[in-house]
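Sequence positions, counted from 1, serve as the residue numbers for this chain. All figures in this text were calculated on a predicted structure; none of them were measured in a lab. The basis for the numbers below is simple: all heavy atoms, side chains too, and nothing from hydrogens, waters or symmetry mates. All ligand and atom numbering here is 1-based and tracks the order in the structure.
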Amino acid sequence: MELSLHEFADGATLAEKLADQVAHRLAAAIEAKGSASLAVSGGSTPKKFFQALSGRKIDWSKVTVTLVDERFVPADSPRSNHLLVKENLLRNEASSARFIPLFHDRPSVDEAAATATQETASIGNPFDVVILGMGGDGHTASFFPHGNHLSQALDEEGPRCVMPMEAEGADEPRLTFSFSSLTDAGLLVLHVEGEAKKDVLKTAQSGTDEAEMPIRAVLNRATSPVEIYWAP
Ligand SMILES: O=C1O[C@H](COP(=O)(O)O)[C@@H](O)[C@H](O)[C@H]1O
């Protein structure tokens with residue numbers, strides 16, 4: 001599998017360089033086919049990158065943004081990845097981008113996932129850019145260790161769709177794009193920061209059990225080259 005490691009002196013420098021690279025890829029996609037698609041992660045890591053990207057001058061009205069995964073919480077919850085994206089990315093130059101949420105107010109996470117699959121069907125075949133993160137437990141997107149639908153989600157022959165996921169380490173139920181939806185992106189980035197997560201990556205690379213560390217599926221089986229962006 002093709003992995004490239006890009007190391008930076010600090011998170012601020014990483015954010016600017018990654019924003020440049022993503023803006024360049026989105027602009028190239030717009031030039032080539034008139035529109036572009038971007039799927040981003042939530043959590044604590046991408047905030048500075050989102051703020052940097054929101055200032056890049058591209059034709060954001062032709063960009064559709066969505067999330068690689070979401071918590072099954074409304075968009076005004078402090079736990080919502082949508083809220084993070086709204087407050088940090090969908091502003092400044094990027095305020096004209098279209099955003100498709102994964103959360104839908106349905107009685108169950110399964111029904112919300114079915115709606116999210118329909119709503120996102122027109123984008124991401126493949127995505128132009130996917131930005132993955134990674135938790136300290138080796139999860140990425142909402143591919144959580146021993147998640148209840150993990151083997152279906154990681155099936156590379158499985159459908160492009162949004163799936164429900166529940167796992168002990170996940171707090172609330174989750175919605176996640178499947179492995180096949182994310183790993184053939186035009187630009188596939190894994191954005192991780194901190195020494196602890198570098199160690200997690202090393203551990204992931206030294207073993208094979210994907211149920212224990214689902215990030216292994218991306219590192220070992222992604223169709224697209226994985227560009228790892230890391231800063232201390
Ligand atoms: O739960 C999540 O966590 C991961 C990693 O988050 P971080 O706070 O350690 O940066 C994130 O990639 C994922 O999108 C999010 O839902």
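- Listed by chain and residue number, Arg221 satisfy the salt bridge (charged side-chain N to carboxylate O under 4.0 Å, His left out) test with Glu156 (two or more places apart in sequence, or in another chain).
- The CG atom of Leu38 lies 6.5 Å from the CG atom of Leu89; values are rounded to the nearest 0.5 Å.
- Note: Ile228 CD1 to Ser4 OG = 8.0 Å, rounded to the nearest 0.5 Å.
- The residues lining ligand 1, counting any heavy atom closer than 4.0 Å, are Ser41, Gly42, Gly43, Ser44, Thr45, Asp69, Arg71, Asn81, Gly133, Met134, Gly135, His139, Arg174, Lys197.
- From Lys198, atom NZ reaches atom CE of Met134 across 12.0 Å, with rounding to the nearest 0.5 Å.
- For His146, the side chain to side chain donor-acceptor pair (under 3.5 Å) criterion is met by no residue, not counting sequence neighbours.
- In this view, Arg71 satisfies the salt bridge (charged side-chain N to carboxylate O under 4.0 Å, His left out) rule with no residue, not counting sequence neighbours.
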